[in-house]
Amino acid sequence: MKEFIAKHEEEIAGVLSGFDRLVFRGTLRSISYAQGMMNYLWAKQVRLTEFGRHVQQVSERVKQACRAKAEALGRPVKYLASAGESKEEVAREIAAREKIRDGLVCVLSCVEPCRTFEVYRNRETRKLELVSRTRKCLFLYHYWMHREFGFLNARLQTWFPFSMQVCLNGREWLARQMEGAGIKYVRQDNCFPWVQDWNRAQELLRRQVRRNWPQALGRLARELNPVHARMFGNFPVSYYWTTYQSEWAIDVVFRQAGVLRRLYPRLVHHGMTALGSTDVLRYLGRPVTLQGQVPKTFRGEVVSDLKWREEGVRIKHSVNGNSVKLYDKAFTAVGSVLRAETTIHQGGAFRVFRRKEGDPRGKKSWRVLRGGVADLYRRAEISQRAAERYLDALAGVDEQTTLEELIARLGQRRHWKGRGVRALRPLGEDRALLAAVSRGEFTLSGFRNRDLRTYFFAVPAQNPFEERRRSAWMSRKLRLLRAHGVIHKIAGTHRYQLTENGRKATTAILSALRCTVRDLIPEAA
């Protein structure tokens, strides 16, 4: 992002980076599976023959309590015959008509599929068993003008195991925060074309990541189901919160609409024609081969598409449910917004440096990113870096540097820490080295000496002496790249990452080397 900002610095008024949309799911894990539900029934002294009657009574108690609370506040409770009807439009219409600025807006109900339990008679054992199954039940959607988060909605399944879902908007939240801090702003939809103090607004967005989410979501859960404590009096259970979906947006605000209108079509064209599948994999931290190709072990689909919306044109690159997108979000007299966005549905594709769950004193290592809100900070880091890499890839639009000039810069001797360093040979013996350090899996967490050795030595070292020799050889290669400013060392670690200039140079060189003669003929002509 630094490269993109630096290139358009004179036209940019400000930048805001933070969560746009967050969808959390709450699960009562101790009763979310058949055996756990059996434990609950045992604690309540409910036989399987009485299961249907018991869960019906509990469900009715929940629905009555929610309706009674809404009616006491004078808010409407409305049933929707179709689950496809836009609940948000209904709620916003009510909020606008009745000028609601704080508190509950309405409660909407509809029948939707859910995961629950039923009693099944096993013919082989001739016994009753409790099994998990999919059926339909009533869901209650609560819409609030929340004092802290602004407009949000929360959904409650009114049948066991009473799962919850909370959806909020980070920019809606930011508006409330700026009002509380006395920061003036202009808002259009869920973006801000003008803010009085961009730096203070960005600091408020940073605080969102550090929010105590279990505490905040727990309060919302108590509002959503006011009889939860009584339902589980002698069998206490609490919600485990996971991030079902996150959207992280970087808003680059241009002072003049004409600048963005001229630039955006070029960005879209570049994104659709110059960025390939391997580029998208790198943005989202996925591995590619040394030859710059999609690995044969990759199972999934890389898709790039355009969509014309009412607000403008959207370009989207997705890999197995995760994506990076670009919007021309708003054009106003006070500022126009270009938004780069990272959406994560499948967190298991990423890694976080943490201890093993349940072992607070264990050794940290790179493990699968969990859905739990404990790893939300890492999700924010990954999303920010993916959107930054995407913007920097688009910084090359209107770039006048030729490949010859780029190679000439690297092809000069350097002095580093008092010693001479040879020139890089990106079209010769150093091509494999540049390809290795630019691999997608190293983009987020960096790489170590031993990580690179596996790509240059197919057979493991036979003895310690050979291991040290290979390590020294790799150290000299890393020194060469550091001297030319291609990589830098991550402070406090043994890991390295590409610099901004290094990423630009390696991407340009490797992309040019993969071009066909047909691709190059128009340029030569």
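The model shown is predicted, which means the values in this text are computed figures rather than measured ones. Below, each value reflects all heavy atoms present in this structure, side chains not excepted, and no hydrogens, waters or symmetry copies. When a residue number appears, it is its place in the shown sequence, counting from 1.
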Does [atom1] in [X] sit with more than 12 non-hydrogen atoms of other residues, nucleotides or ligands closer than 6.0 Å?
X      : atom1 : result
Arg147 : CZ    : no
Gln45  : CD    : yes
Arg367 : CZ    : yes
Arg97  : CZ    : yes

Roughly how far, to the nearest 0.5 Å, is the [atom2] atom of [Y] from the [atom1] atom of [X]?
X      : Y      : atom1 : atom2 : result
Thr49  : Leu128 : OG1   : CG    : 7.5 Å
Leu376 : Leu22  : CG    : CG    : 6.0 Å
Ile183 : Asp197 : CD1   : CG    : 6.0 Å
Arg255 : Trp194 : CZ    : CH2   : 13.5 Å
Gln256 : Arg262 : CD    : CZ    : 11.0 Å
Arg230 : Asn225 : CZ    : CG    : 9.5 Å

[X] and [Y]: which non-hydrogen atoms are nearest, and at how many Å?
X      : Y      : answer
Pro193 : Val186 : CD-O, 3.0 Å
Thr243 : Arg379 : O-NH2, 3.6 Å
Phe350 : Asn322 : CE1-ND2, 3.5 Å
Leu205 : Ser17  : CD1-O, 3.5 Å
Ser109 : Leu140 : CB-CD2, 3.6 Å
Phe19  : Ser246 : CE2-CB, 4.0 Å

Would you call [X] and [Y] a side-chain contact if the rule is heavy atoms closer than 4.5 Å?
X      : Y      : answer
Gln188 : Thr332 : yes
Arg355 : Asp359 : no
Leu263 : Phe254 : yes
Val252 : Val337 : no
Arg75  : Val107 : no
Arg378 : Leu369 : yes

Where the side chain of [X] meets the backbone of [Y], is there a donor-acceptor pair that is under 3.5 Å apart?
X      : Y      : answer
Gln165 : Val23  : no
Ser59  : Val55  : no
Asn212 : Gln215 : yes
Arg354 : Val368 : yes
Ser318 : Gly321 : no
Asp251 : Arg339 : no

Please, which pairs that meet ring pair (Phe, Tyr, Trp, His ring centres under 6.0 Å) have at least one residue in residues 45-89, sequence neighbours excluded?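 Qualifying pairs: Tyr40-His54.
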Could you go through the side-chain contact (heavy atoms from CB on, under 4.5 Å) check for Ile250 and Tyr390 one step at a time? CA-CA 11 Å; Ile250 299 178; Tyr390 187 47; over 6 Å; no
Close aromatic pair by centroid cut-off 6.0 Å: Phe151 and His146: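 That pair fails the under 6.0 Å test.
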Please work out whether the ring planes of Phe353 and Trp366 are parallel, tilted or perpendicular, with thresholds of 30° and 60°.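 Judged by the thresholds at 30° and 60°, the geometry between Phe353 and Trp366 is tilted.
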Is the Tyr141 ring parallel, tilted or perpendicular to the Tyr143 ring (thresholds 30°, 60°)?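 Answer is parallel, since the angle falls under 30°.
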Quick one about Trp248 and Glu341 (side-chain donor to acceptor, distance below 3.5 Å, no hydrogens or angles considered), yes or no?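 No, no side-chain donor-acceptor contact under 3.5 Å.
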[Y]/[X] salt bridge by N-O under 4.0 Å criterion:
X      : Y      : result
Arg200 : Glu203 : no
Arg206 : Glu381 : no
Arg171 : Asp20  : no
Lys69  : Glu223 : yes
Glu98  : Arg92  : no
Glu148 : Arg211 : yes
Arg187 : Glu172 : yes

By the definition ring pair (Phe, Tyr, Trp, His ring centres under 6.0 Å), identify the one residue from Trp213, Tyr239, Tyr244 that meets it with Phe24.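 Of all the options given, the one that passes is Trp213.
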Measure from NZ or CZ of Arg261 to the centre of the six-membered ring of Phe331, then state whether that distance is under 6.0 Å and the direction lies within 45° of the axis.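 That pair qualifies as a cation-pi contact.
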Pairs under 3.5 angstrom only: tabulate donor-acceptor contacts from the side chains of residues 153-162 to other protein residues two or more places apart or in another chain.
{"residue": "Gln157", "atom": "OE1", "partner": "Ser163", "partner atom": "OG", "Å": "3.0"}
{"residue": "Gln157", "atom": "NE2", "partner": "Arg115", "partner atom": "O", "Å": "3.4"}
{"residue": "Gln157", "atom": "NE2", "partner": "Trp159", "partner atom": "O", "Å": "3.0"}
{"residue": "Gln157", "atom": "NE2", "partner": "Phe160", "partner atom": "O", "Å": "3.3"}
{"residue": "Thr158", "atom": "OG1", "partner": "Leu138", "partner atom": "O", "Å": "2.5"}
{"residue": "Trp159", "atom": "NE1", "partner": "Thr116", "partner atom": "OG1", "Å": "3.4"}

Can you tell me which residue pairs pass the side chain to side chain donor-acceptor pair (under 3.5 Å) test with a partner in residues 119-128, sequence neighbours excluded?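 Applying side chain to side chain donor-acceptor pair (under 3.5 Å) to every pair that reaches into residues 119-128, excluding sequence neighbours, yields Asn122-Glu129.
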